[in-house]
Amino acid sequence: MEQNPLPELPLQELECFSVLVHELHFGRTAEVLGLSQGRVSQLVKRLERRIGAPVFARTSRRVELTEVGRRLAGEVVPAFGRLREGYDAARAWAAASDRPLRVGFQCAVYEPVARAIAALPGGVVELVELPWGDPFSHLARGEIDLGIVLGPCREPELEVLLEFSRQPVRVAVAATRWARESVIPGERLAELELIEPRGPAPEYWRVANAPREVDGGRALTYTAGAATVQEGLTMVAVTGRGMMLCEGSTRYVQRPDIRYLPVEGLELPSTLVLVQNERRPHRLSPLLVEQVRRRDR
């Protein structure tokens, strides 16, 4: 006797549902899945027809799970997460069969990146610390496969795969000299001698990460350079100079002799970019980019 085939699982609809459970926003869900917002709505409606009841209550301002949706989420979301983890692990092992993915980073491996790497099987990623003032040379020479560096990147043959982690800038100053201040006025920053990255970074990158003037047109003065962030912070503590860092970096390099202060009138957001050499793509790079994108939300 012929057995009935197993019922087909609507995997795309369940994936869309799982992401929407986390986002509770159709636009963000569409962005995560790489679909149009209309397609997301279509998949949700199709799932609701299959189930026979609404799974989301939608208004012009909010998206909420219905009781049926909550019951479905309790079963489907953890199961779909395990399914994706298994699938991603298999892809990672296959992609790393020739050699691991060599990933270069500046200053620190930030939380979204660390969690993305941890989600992959052990041993498929090798980490390489890059100099503060040399974000692109190792990638251009093929010594690493993927760079996670401060933006921007406008280098020929280097492709930006993802821009993420947009953060405000802080100025590192000697704790003994700035013990009482909670903010640096723009005019005082213009009077402070500053430390810039030392290395072969292109000029457009230097200007973005070590700006030449504060808002209002006051010129900034750089009187020293540092090859690494730790070298620069030691110079800050010893010489009393200042050094600009993104807010995320300051959480990884806490020191008792350094304070990190915002600057009044300095609107300079910092971003990270994931970059690869167009001529030497690694099969594992898209998977790591996908993992970082999921976690930087």
Side-chain angles (χ1 to χ4, degrees), residues 31 101-114 116 127-172 189 194-217 219-220 222 225-229 232 242-253 260 262-263 265-282 285-286 288-293 295-297:
E31 184 179 345
L101 176 70
R102 301 165 300 177
V103 178
F105 67 94
Q106 288 182 301
C107 183
V109 179
Y110 297 91
E111 185 182 356
V113 177
L127 292 170
V128 179
E129 185 170 5
L130 303 177
W132 185 31
D134 188 9
F136 306 126
S137 295
H138 291 69
L139 196 57
R141 292 193 298 263
E143 296 168 3
I144 59 173
D145 303 300
L146 191 67
I148 303 175
V149 298
L150 291 164
C153 173
R154 297 195 288 269
E155 297 302 286
E157 299 184 1
L158 298 189
E159 177 186 8
V160 175
L161 302 176
L162 178 67
E163 182 176 351
F164 69 107
S165 192
R166 187 178 178 88
Q167 299 176 24
V169 168
R170 299 288 181 259
V171 177
L189 180 64
L194 297 172
I195 300 164
E196 64 182 336
R198 185 177 72 243
E203 185 62 20
Y204 71 83
W205 186 92
R206 292 179 175 283
V207 171
N209 292 282
R212 284 1 190 194
E213 61 180 37
V214 72
D215 290 1
L220 301 179
Y222 293 87
T228 68
V229 170
M243 187 173 81
M244 294 191 189
L245 290 174
C246 68
E247 188 177 53
S249 295
T250 67
R251 293 193 290 269
Y252 290 86
V253 285
Y260 300 103
V263 178
L266 181 65
E267 300 297 331
L268 180 72
S270 173
T271 61
L272 293 175
V273 289
L274 281 129
V275 188
Q276 74 173 0
N277 190 318
E278 291 179 332
R279 293 188 174 184
R280 302 184 182 92
H282 191 286
S285 293
L288 183 60
V289 171
E290 181 182 327
Q291 294 283 353
V292 173
R293 183 182 285 113
R295 287 158 176 79
D296 186 51
R297 289 186 280 180

Which atom of [X] lies closest to which atom of [Y], heavy atoms considered:
| X | Y | result |
| --- | --- | --- |
| G133 | P197 | CA-CB, 3.7 Å |
| A140 | R280 | O-NH1, 3.1 Å |
| L130 | P135 | CD1-O, 3.9 Å |
| R198 | A227 | NH2-CB, 3.5 Å |
| P211 | L220 | O-CD1, 3.4 Å |
| A116 | Q291 | CB-CB, 3.6 Å |

query: Where the side chain of D134 meets the backbone of P200, is there a donor-acceptor pair that is under 3.5 Å apart?
result: no
- prompt: Is a donor on one side and an acceptor on the other found under 3.5 Å between the side chain of N277 and the backbone of L139?
  reply: yes
Is the shortest heavy-atom distance from the side chain of [X] to the side chain of [Y] under 4.5 Å?
| X | Y | answer |
| --- | --- | --- |
| S249 | Q167 | no |
| V149 | H138 | no |
| W205 | C153 | no |
| P152 | V273 | no |
| L150 | W132 | yes |
| V103 | V109 | no |
| V113 | F164 | yes |
| L194 | L189 | yes |

What distance separates [X] [atom1] from [Y] [atom2], expressed to the nearest 0.5 Å?
| X | Y | atom1 | atom2 | answer |
| --- | --- | --- | --- | --- |
| L127 | I148 | CG | CD1 | 7.5 Å |
| S270 | N209 | OG | CG | 5.5 Å |
| E163 | T271 | CD | OG1 | 4.0 Å |
| E159 | L146 | CD | CG | 10.5 Å |
| R166 | C246 | CZ | SG | 12.5 Å |
| E278 | L158 | CD | CG | 7.5 Å |

- request: Dump the intermediate steps for salt bridge (Lys or Arg N to Asp or Glu O under 4.0 Å) on R212 and E196, then the final yes or no.
  value: CA-CA 10 Å; R212 284 1 190 194; E196 64 182 336; 3.2 Å; yes
field: side-chain contact (heavy atoms from CB on, under 4.5 Å) partners of R170, counting only residues at least two apart
entry: P168, E247, T250, Y260, P262
- prompt: Which residues pass the side chain to side chain donor-acceptor pair (under 3.5 Å) test with R251, sequence neighbours left out?
  reply: none
By salt bridge (charged side-chain N to carboxylate O under 4.0 Å, His left out), which residues pair with [X], not counting sequence neighbours?
| X | result |
| --- | --- |
| E157 | R279 |
| E155 | none |
| E111 | R115 |

- request: Go through the structure and list residues passing ring-ring contact (aromatic ring centres under 6.0 Å, His included) with Y204, not counting sequence neighbours.
  value: none
- prompt: Is the cationic atom of R154 (NZ for Lys, CZ for Arg) positioned less than 6.0 Å from the six-membered ring centroid of F136 and within 45 degrees of its normal?
  reply: no
query: Between M243 and V229, is a side chain to side chain contact (heavy atoms under 4.5 Å, CB included) present by the stated rule, with each step listed?
result: CA-CA 9 Å; M243 187 173 81; V229 170; 4.2 Å; yes
field: Aromatic centroids of Y252 and Y110 separated by under 6.0 Å
entry: yes
